[in-house]
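For reference, the structure discussed in these notes is given below.
We number each residue from 1, following the sequence as shown.
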Amino acid sequence: VEVYLNAIYMQTAVDRAGTLVHEAAHQYGAEHDGSGGNDRQWGNGAFTYQVQWLREYAFNGVRNTQAMRRRAAETASYYLQNNFDREPLI
């Protein structure tokens with residue numbers, strides 16, 4: 001995956017990894033099928049994969065700090081609340 005976003009270098013390591021998971025999901029066919037670049041619902045969209053990775057990192061990641069785990073959980077929560085047309089019930 002090639003990412004040409006200058007903003008990615010301003011992200012935290014956790015956010016940067018989540019963005020790469022999101023962009024890699026697009027390479028395997030995950031699209032945004034909702035309004036305004038959102039995923040319509042929880043399933044196979046790019047935000048779903050990103051949130052899954054962030055949650056996994058927050059709860060089971062190794063070689064990280066509490067601050068990194070907290071950041072992953074907060075970012076996952078943000079995407080759940082703002083990037084799905086129908087709020088996921090997970």
Find the distance between [atom1] ([X]) and [atom2] ([Y]) and round it off to the nearest 0.5 Å.
X: Asn83; Y: Asn38; atom1: CG; atom2: CG; result: 5.0 Å
X: Thr75; Y: Leu54; atom1: OG1; atom2: CG; result: 6.0 Å
X: Arg55; Y: Arg69; atom1: CZ; atom2: CZ; result: 15.5 Å

Do any N or O atoms from the side chain of [X] and from the backbone of [Y] form a donor-acceptor pair under 3.5 angstrom?
X: Asp33; Y: Gly45; value: no
X: Thr48; Y: Trp42; value: no
X: Ser77; Y: Ala73; value: no
X: Asn82; Y: Tyr78; value: yes

Below 4.5 Å, heavy atoms only, C-beta onward: do [X] and [Y] meet side chain to side chain?
X: Asp39; Y: Phe84; value: yes
X: Phe47; Y: Leu80; value: no
X: Thr65; Y: Met68; value: yes
X: Tyr79; Y: Gln50; value: yes

Does the gap between the ring centers of Tyr49 and His22 come in under 6.0 Å?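 Ring centroids of Tyr49 and His22 are no less than 6.0 Å from each other.
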Just wondering, more than 12 heavy atoms not from Asn64 lying within 6.0 Å of its CG?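 Yes, the 6.0 Å shell around CG holds more than 12 heavy atoms from other groups.
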If you compare all heavy atoms of Ala46 against all heavy atoms of Ala25, which two are closest, and at what distance to 0.1 Å?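 In this case the closest contact between Ala46 and Ala25 is CA-CB, 4.1 Å.
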Do you know the tightest heavy-atom contact between Gly18 and Trp53?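 Where Gly18 meets Trp53 most closely, the heavy atoms are N-CZ3, 4.0 Å.
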Please state whether the rings of His26 and His32 are parallel, tilted or perpendicular, taking 30° and 60° as the class boundaries.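 Answer is perpendicular, since the angle exceeds 60°.
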Grouping I, L, V, M, F, W and Y whenever their side-chain heavy atoms are under 4.5 Å apart, do Leu20 and Tyr9 come out in a common cluster?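 Yes, Leu20 and Tyr9 fall within the same hydrophobic cluster.
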Set of residues satisfying side chain to side chain donor-acceptor pair (under 3.5 Å) with respect to Gln41, sequence neighbours excluded: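 So Gln41 forms a side chain to side chain donor-acceptor pair (under 3.5 Å) with Arg86.
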